[in-house]
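Just so it is clear: chains get the letters A, B, ... in the order the sequence lines come, proteins before strands, and each one is counted from 1. It should be emphasised that the depicted structure is a prediction, and the values quoted were computed from it without experimental measurement.
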2 protein chains.
Amino acid sequence: MRPYTVGKLMSLINRIGQRELAEALKPHGIGGGGQHSYLKAILANPGMNQDKLTGEVKLDKATTTRCIQQLEDAGYVMRTVDTEDRRSYRLYPTERAIAFEPVLQSILDAYNRRLTSNLSSREVEALHALLHKVYAGLDA
Amino acid sequence: MRPYTVGKLMSLINRIGQRELAEALKPHGIGGGGQHSYLKAILANPGMNQDKLTGEVKLDKATTTRCIQQLEDAGYVMRTVDTEDRRSYRLYPTERAIAFEPVLQSILDAYNRRLTSNLSSREVEALHALLHKVYAGLDA
DNA sequence: CGCATGTGGTTGCGGATGCAACTAATCCAT
DNA sequence: ATGGATTAGTTGCATCCGCAACCACATGCG
């Protein structure tokens, strides 16, 4: 009675969800994938360099380079060379990004609500805790 | 330090998991992504055409074309033109695929066990049920 | 019949992402 | 200090995937 495994379900949910989220962000000039994660991290922690950011977002540093490039082109992020270490950049949100933050948050909230629209708040909590455990197991 | 959202957790888990699964399948000439899903579906239901298969696996029909192509090249799948409808192919597992089935199943089982290695069997059940609900909500 | 419509499958294109190789700057041990 | 590791970031290449345009065959309606 279980047509799909846990792995397959996550794969399906994720693919559908990512597409919907990308669709919601597109009108704001923000591409799909991790871009919104990067922007959120920069808003929460201005001045970070790309390496730290890569660690926050848990993607590849090459992906970081490309997403930051796109966010910069879209006018959400500014990069300045770090005078302490001229290999690295310090990343800051632009005015546009700061003004956009509440909108971004509302889009992400709506997305997470949609993901869990079939679940009671107790179930959401349970799912969250279980996924945390799963992730902790993989990370090790 | 804010915790990850449900959406982000699924994204993280899925990315790590897909990579590991692809790694486990590579020695057998099976690429990552949905390829194993297609092979499993063909083994379970020989003679299907690609359209039905696309529905089973829930991916795009273009992706089906490419994955079947790869499975055929790797010697796991044979295609014969359907004499009833010459537009479509009937898909069959090769001897190699049939011999491989138990191995494939063990790899997928190991993957799902690894995903849930931090969870009790009761928790696995709960996670499974919750993901089903989430998926049902998205599908609608 | 014959053309319009529908359907199975393929291909072109673009986006996302990881790995590996590379550049430039920094750090460290001698 | 100086050469070898290390580190921040970039780029090339490969894979995966969806959408849309397209082709060939099938079906249905007049």
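- Taking 3.5 Å as the limit, the base of D:dT7 and the side chain of A:Arg87 contain a donor-acceptor pair of atoms between them.
- To the nearest angstrom, P of C:dA24 lies 12 Å from OH of A:Tyr89.
- When each of A:Arg79 and B:Gly33 is assigned the nucleotide of DNA chain D bearing its nearest heavy atom, the one mapping closer to the 5' terminus is A:Arg79.
- Between the side chain of B:Arg66 and the base of C:dG9, no donor-acceptor pair under 3.5 Å is found.
- Proximity of a side-chain donor or acceptor of B:Asn118 to a complementary backbone N or O of A:Val134 within less than 3.5 Å is not detected.
- Residue side chain B:Arg90 does not reach the base of C:dG8 through any donor-acceptor N/O pair under 3.5 Å, judged by distance alone.
- Using a distance-only test at 3.5 Å, with no hydrogens or angles considered, a donor-acceptor pair links the side chain of B:Thr94 to the main chain of B:Gly75.
- At whole-Å resolution of the value, CD1 in B:Ile68 and C1' in C:dT11 are 17 Å apart.
- At the heavy-atom level, A:Asn49 lies under 4.0 Å from the strands shown only through sugar-phosphate atoms.
- Annotation: of the two residues near DNA chain C, B:Lys61 and A:Ala62, the 5′-most nearest-nucleotide partner is B:Lys61.
- At a threshold of 4.0 angstrom between heavy atoms, the contacts of A:Gln70 are confined to the sugar-phosphate backbone, with no base atom among them.
- Taking atom CG of residue A:Leu53 and atom P of nucleotide D:dA8, one finds them 13 Å apart after rounding to whole Å.
- Between atom CD of residue B:Glu72 and atom OH of residue B:Tyr89 there is a gap of 8.5 Å, rounded to the nearest 0.5 Å.
- We find that CG of A:Asp51 is positioned 15 Å from P of C:dT26, with the value rounded to whole Å.
- Contact annotation: side chain of A:Arg86 to base of D:dG9, donor-acceptor pair absent below 3.5 Å.
- Rounded to whole Å, the distance from CD on B:Glu20 to P on D:dT15 is 20 Å.
- Taking atom CD of residue B:Glu84 and atom C1' of nucleotide D:dT27, one finds them 15 Å apart after rounding to whole Å.
- Regarding B:Leu59, its CG atom lies at a distance of 17 Å from the P atom of C:dG8, rounded to whole Å.
- Atom CG of A:Asn49 is separated from atom CG of A:Asp85 by 8.0 Å, given to the nearest 0.5 angstrom.
- Within the 4.0 angstrom heavy-atom criterion, only backbone atoms of the sugar-phosphate kind lie near B:Arg19; the bases stay farther away.
- Annotation: side chain of A:Asn45 is not in contact with side chain of A:Lys52 (no heavy-atom distance under 4.5 Å).
- Here B:Thr63 reaches the OP1 or OP2 of D:dG18: one of its side-chain N or O atoms lies under 4.0 Å away.
- As judged by a 4.0 angstrom heavy-atom cut-off over every strand, B:Asp60 is placed among the base-contacting residues.
- Note on B:Gln18: every side-chain N or O is 4.0 Å or more away from OP1 and OP2 of C:dG18.
- Remark: side-chain polar atoms of B:Ser120 are paired, donor with acceptor, to backbone N or O of B:Glu123 under 3.5 angstrom.
- Whole-Å rounding puts the A:Leu21 CG to D:dG18 P distance at 16 Å.
- Of the residues near DNA chain C, B:Asp85 and A:Asp82, the one whose nearest nucleotide (by heavy atom distance) lies more toward the 5' end is B:Asp85.
- Base contact: A:Thr65 has a heavy atom under 4.0 Å from a base atom.
- For the pair A:Arg15 and D:dG18, the criterion of a side-chain N or O lying under 4.0 Å from OP1 or OP2 is met.
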